[in-house]
Amino acid sequence: MTDHIEIETWAMVRAQQIVMQQGANLVVAAQRLDHRKTTANTYALRTAIMASLIEALKSPPAGTIASLEA
């Protein structure tokens, strides 16, 4: 149960970080109708999401692997 809470907490924190950093940039570019920056920020947001998924797969919280194997 604790591992599940740790994963949820990590995921919420990472999602908030991504939205605050990349999402805000995307919104500003879209509001300014800057197609080039909107496209660039879309790719940056996508890259941040992919990187967080890779991070989650590479280093799950302690004990998560053991609970998944059980």
Side-chain angles (χ1 to χ4, degrees):
M1 181 73 145
T2 304
D3 293 335
H4 182 67
I5 293 170
E6 287 177 22
I7 292 170
E8 281 185 15
T9 302
W10 176 86
M12 289 187 319
V13 169
R14 285 299 290 137
Q16 182 180 21
Q17 290 171 343
I18 290 169
V19 169
M20 294 301 293
Q21 293 168 3
Q22 306 301 329
N25 292 338
L26 178 57
V27 169
V28 169
Q31 286 176 337
R32 293 181 180 169
L33 301 174
D34 187 334
H35 181 70
R36 190 174 53 113
K37 285 188 179 180
T38 299
T39 300
N41 286 317
T42 299
Y43 286 112
L45 178 58
R46 184 184 306 168
T47 301
I49 293 168
M50 288 187 303
S52 70
L53 292 172
I54 291 169
E55 179 185 346
L57 291 173
K58 284 186 176 181
S59 58
T64 304
I65 295 173
S67 66
L68 292 174
E69 292 175 346

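Not measured: the values here are computed from a predicted model. Numbering starts at 1 and runs along the sequence shown.
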Exercise. With sequence neighbours excluded, what pairs up with M50 under the side chain to side chain contact (heavy atoms under 4.5 Å, CB included) test?
Worked result: R46, T47
Exercise. What residue pairs, at least two apart or across chains, pass salt bridge (charged side-chain N to carboxylate O under 4.0 Å, His left out) with a residue in residues 15-31?
Worked result: none
For this session: Tell me, please, which residues at least two apart from L53 pass side chain to side chain contact (heavy atoms under 4.5 Å, CB included).
Result: I49
Exercise. For the residue pair S52 and W10, what are the closest heavy atoms and their distance?
Worked result: O-CH2, 3.3 Å
Problem set entry | Pairs where residues 13-29 contributes a residue and the test salt bridge (charged side-chain N to carboxylate O under 4.0 Å, His left out) is met, not counting sequence neighbours | R14-E55
Listing, residues 20-36 side-chain donor-acceptor contacts under 3.5 Å, not counting sequence neighbours, or none:
{"residue": "N25", "atom": "ND2", "partner": "Q21", "partner atom": "O", "Å": "3.1"}
{"residue": "D34", "atom": "OD1", "partner": "R36", "partner atom": "N", "Å": "3.3"}
{"residue": "D34", "atom": "OD1", "partner": "K37", "partner atom": "N", "Å": "3.1"}

For this session: Could you tell me which residues satisfy side-chain hydrogen bond (donor to acceptor under 3.5 Å, both in side chains) with Q16, sequence neighbours excluded, listed by chain and number?
Result: none
